There are 2 protein chains.
Amino acid sequence: MKQDLLVAVDCIIFGYEGEKLQLLVIKRDIEPFQGSWVIPGGFLQENENLEEAARRILYSKTSVYNAYLEQLFTFGEVNRDPRGRVISVAYFSLIKSTDYKLIAGITSNDIKWVDVKETPELGFDHKIIVNLALERLKGKFSYQPLGFNLLEDEFTLTELQQLYETVLNRNLDKRNFRKRILDTAILKETGKKRAGVKNRQPLLYTFDLNKYKELTKQGFEFKL
Amino acid sequence: MKQDLLVAVDCIIFGYEGEKLQLLVIKRDIEPFQGSWVIPGGFLQENENLEEAARRILYSKTSVYNAYLEQLFTFGEVNRDPRGRVISVAYFSLIKSTDYKLIAGITSNDIKWVDVKETPELGFDHKIIVNLALERLKGKFSYQPLGFNLLEDEFTLTELQQLYETVLNRNLDKRNFRKRILDTAILKETGKKRAGVKNRQPLLYTFDLNKYKELTKQGFEFKL
DNA sequence: GCAAAAGTGTTGTGTATACACCCATGT
DNA sequence: ACATGGGTGTATACACAACACTTTTGC
């Protein structure tokens, strides 16, 4: 038994900065699609699992290892790659704002963040892949607290709300948002305030992962 | 570039009979796991898409071609197959009750339906795959009207409710269930009644696919 | 007429939404 | 003192959950 095909892993990497949801794209330096922007990917190695491959690719572009990572979908259209048959297992990842800033610093000509609302044309079928990732992200945001993976460890409620508004693409009521988030009790007050702002200093919160796990076990549901 | 691996497609095939959710399993006639029960699968052919492969496998075991089919997950653990590296793209499928009966008729020693609550040990990592499929099915049932894919074209509200109770694994209130289903208006009365029962004859309904599509476009949400 | 399942509304309870003003800080 | 965003409570509408009796049919 032999198959004349290859298995690749592609990563949709999301960041959040300037109240915009950002996507990491790289410029291909070889054919096919030389010079086109694409999402980072690579071929699966013999001794690695799919998720390991995704983390390897993620790390190679961002130097981030422990980001949120989730399998999205597997694409296998016969003609999706002009070189031949390539099956692509797509993963999507959420990068913390602190890490985002480091990556932004090493920006070169062939790697950059783009606002997902202004995504350029992408090589292969990567536009389709990204669109699916966006739908999934939006869907998951409504019933799972993923937002914390895109912010810094400590954040204000307003920052969190702005993130949700960006991803869900609608405005949320400030008081209702705060009430719901605080009622679920998955946030912990740090007692600190963000200083150096030109108005009242907002309280800083962290995501209480243990509390969240505990609640999840009890069949708790988060919805927004 | 060369990879020493194979891509397989495996199908979790669900049916519904006797108020039980059923899973189609086959007995392997070759090593590895010879004599074990497994879910149907096969290797991806060069000229077929992933979903086409899933349909081919589905058809080869059930003679059903147009069942509900959805990609579930891709499994790629390094040692999941003793023969070597095999990536498996899993699909799950829902078989109408009418088709179920045909398949049940051709039951042989090496293919059978089993109640998912009494699934035997399965070869490879298929138990894990089936469990994931069950979770996904349960999840989707709550917010997408998939039930109709497991019943006959015409069904009674009680039958529909029993199906939901089986899949969701909890009891539902009859009046509330009927109210909600009928309020969404995705059902059409046929005007017919099911005769030959030893009590009052229940009305028969069909799923109104067009209405459902229309409502979905308007951002309607189904929840149970 | 009896057994068995079909069919049918109302009421309370909790949840989601809409909404406006005062507070702290920097300039 | 003024501009900027932070922080807070209530009233209303809506959705969900609980609940029991009458009707039809076959035997």
Side-chain angles (χ1 to χ4, degrees), chain A residues 18-19 97 141-145 147 151-152 154-166 168-206 215 218-224, chain B residues 18-19 141-143 145 147 151-152 154-166 168-206 215 218-224:
Chain A
E19 298 182 26
S97 180
F141 251 62
S142 312
Y143 66 93
Q144 233 180 295
L151 297 173
E152 297 180 32
E154 300 186 340
F155 49 85
T156 69
L157 291 179
T158 301
E159 286 163 1
L160 187 62
Q161 183 179 344
Q162 279 164 346
L163 169 59
Y164 271 84
E165 288 181 338
T166 300
L168 298 179
N169 201 31
R170 62 190 164 102
N171 293 327
L172 301 171
D173 179 88
K174 183 163 59 161
R175 280 180 285 190
N176 293 336
F177 179 82
R178 293 162 108 90
K179 209 184 314 162
R180 273 208 248 164
I181 292 284
L182 294 176
D183 282 353
T184 59
I186 54 178
L187 292 191
K188 224 169 19 191
E189 282 195 37
T190 64
K192 291 184 265 181
K193 295 181 179 185
R194 171 146 298 159
V197 289
K198 61 177 189 298
N199 48 38
R200 181 168 173 175
Q201 298 174 347
L203 292 171
L204 288 167
Y205 292 84
T206 57
L215 288 168
Q218 295 165 20
F220 131 98
E221 267 184 56
F222 171 88
K223 22 184 173 164
L224 213 90
Chain B
E19 298 182 24
F141 250 63
S142 312
Y143 67 92
L151 296 173
E152 297 181 31
E154 300 186 340
F155 50 84
T156 69
L157 291 179
T158 301
E159 286 163 1
L160 187 63
Q161 185 180 344
Q162 279 165 347
L163 169 58
Y164 272 84
E165 289 181 339
T166 300
L168 299 178
N169 200 30
R170 62 188 164 102
N171 293 328
L172 302 170
D173 179 87
K174 183 160 63 158
R175 281 179 285 192
N176 292 336
F177 179 82
R178 291 160 109 90
K179 209 184 314 159
R180 272 208 248 166
I181 292 284
L182 293 176
D183 282 355
T184 60
I186 53 179
L187 292 192
K188 228 174 10 196
E189 282 194 37
T190 63
K192 289 182 267 181
K193 296 180 178 185
R194 171 146 299 157
V197 288
K198 63 177 186 298
N199 48 39
R200 182 166 172 176
Q201 299 173 350
L203 291 170
L204 288 167
Y205 292 84
T206 56
L215 288 168
Q218 295 165 19
F220 129 100
E221 267 184 56
F222 172 88
K223 21 185 171 161
L224 211 88

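This is a predicted model, so every value here is computed, not measured. Within every chain, numbering begins at 1; the chains are lettered A, B, ... in the order of the sequence lines, protein sequences first and strands thereafter.
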(message) Using whole Å, what does the distance between atom P of nucleotide C/dA6 and atom CZ of B/R200 come to?
(response) 10 Å

(message) From CD of B/E159 over to C1' of C/dA6, roughly how many Å is that when rounded to an integer?
(response) 12 Å

Locate the shortest heavy-atom distance separating [X] from [Y]; write the atom from each residue and the value.
X: A/R194; Y: A/Q201; answer: O-CB, 3.2 Å
X: A/L204; Y: A/T190; answer: O-OG1, 2.8 Å
X: B/Y205; Y: B/E189; answer: CE2-CG, 3.3 Å
X: A/L224; Y: A/R170; answer: O-NH2, 3.5 Å
X: B/L163; Y: B/G147; answer: CD2-O, 3.3 Å

(message) Under 4.0 Å, heavy atoms only, any strand: does A/T158 hit a base, just the sugar-phosphate, or nothing?
(response) sugar-phosphate

(message) Any base atoms under 4.0 Å from A/L157, or only sugar-phosphate, or nothing? Heavy atoms, all strands.
(response) nothing

(request) Select from A/K223 and B/K198 the residue whose nearest nucleotide in DNA chain C is closer to the 5' end of that strand. (result) B/K198

(message) So A/F141 and A/L168, do their side chains get closer than 4.5 Å, heavy atoms only?
(response) yes

(request) Determine yes or no for a side-chain-to-main-chain donor-acceptor pair under 3.5 angstrom, with B/Q161 supplying the side chain and B/L172 the backbone. (result) yes

(message) Taking B/E19's backbone N and O only, do any of them form a donor-acceptor pair with B/T166's side chain (distance below 3.5 Å, no angle check)?
(response) yes

(message) Using a strict heavy-atom distance below 4.0 Å, which residues from residues 173-187 of chain B are in contact with DNA chain C?
(response) B/K174, B/R175, B/R178, B/K179

(request) Using the heavy-atom set of chain A and a strict 4.0 Å cut-off, write down the first and last nucleotide of DNA chain D that makes it in, 5' to 3'. (result) D/dT4 to D/dT10

